[in-house]
Amino acid sequence: MLQNFTGWHALLVLAVVILVFGAAKLPALARSLGQSVRILRSEASDSRAEDATALVDDTRRSVPTGETSASPVPSPPGMR
């Protein structure tokens with residue numbers, strides 16, 4: 001998708017951003033974008049940690065120690 005994105009395209013995008021937001025607001029815009037990215041990364045890592053913890057807890061809960069999960073096989077009819 002971005003294979004044809006060259007330096008001229010980047011300069012054009014930068015010029016449009018400066019025209020739309022103004023040079024005075026660009027530092028505040030960059031700062032808020034950086035904070036948003038940091039929050040997104042921390043939430044993603046927290047989510048991954050919670051998923052890993054839940055997976056370990058589910059695994060421990062589903063296979064109790066010392067017990068088997070096999071149910072007894074009923075005897076065929078007439079063999080009692």
Side-chain angles (χ1 to χ4, degrees):
M1 181 174 153
L2 295 176
Q3 295 92 353
N4 297 329
F5 192 74
T6 63
W8 289 108
H9 292 111
L11 287 174
L12 183 65
V13 169
L14 182 63
V16 169
V17 167
I18 289 174
L19 285 174
V20 170
F21 292 106
K25 291 186 180 181
L26 284 180
L29 181 68
R31 193 174 309 114
S32 67
L33 181 66
Q35 287 175 347
S36 299
V37 169
R38 265 185 254 120
I39 290 170
L40 179 65
R41 284 182 183 169
S42 68
E43 291 296 324
S45 65
D46 290 348
S47 176
R48 281 191 216 120
E50 288 175 5
D51 290 346
T53 303
L55 181 63
V56 169
D57 289 344
D58 287 345
T59 304
R60 288 181 184 163
R61 216 175 298 134
S62 65
V63 181
T65 56
E67 295 181 18
T68 60
S69 60
S71 60
V73 178
S75 58
M79 296 284 301
R80 291 187 190 191

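Quick note: residue numbers are just sequence positions, from 1. Note: hydrogens, waters and symmetry copies are ignored here, and every other heavy atom, side chains too, is used. Everything numeric in this text was worked out from a predicted model, so none of it was measured.
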Output a table of donor-acceptor pairs, distance under 3.5 Å, between side-chain atoms of residues 15-40 and any protein atom two or more places apart or on a different chain; print 'none' if there are none.
{"residue": "Ser32", "atom": "OG", "partner": "Ala28", "partner atom": "O", "Å": "3.3"}
{"residue": "Ser32", "atom": "OG", "partner": "Leu29", "partner atom": "O", "Å": "2.9"}
{"residue": "Ser36", "atom": "OG", "partner": "Ser32", "partner atom": "O", "Å": "2.9"}

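Alongside Trp8, the hydrophobic cluster contains Leu11 (criterion: ILVMFWY side chains under 4.5 Å).
Here Ser47 pairs with nothing under the side chain to side chain donor-acceptor pair (under 3.5 Å) rule; sequence neighbours left out.
Evaluation of the side-chain hydrogen bond (donor to acceptor under 3.5 Å, both in side chains) test over residues 11-20, restricted to residues two or more places apart or in two chains, returns none.
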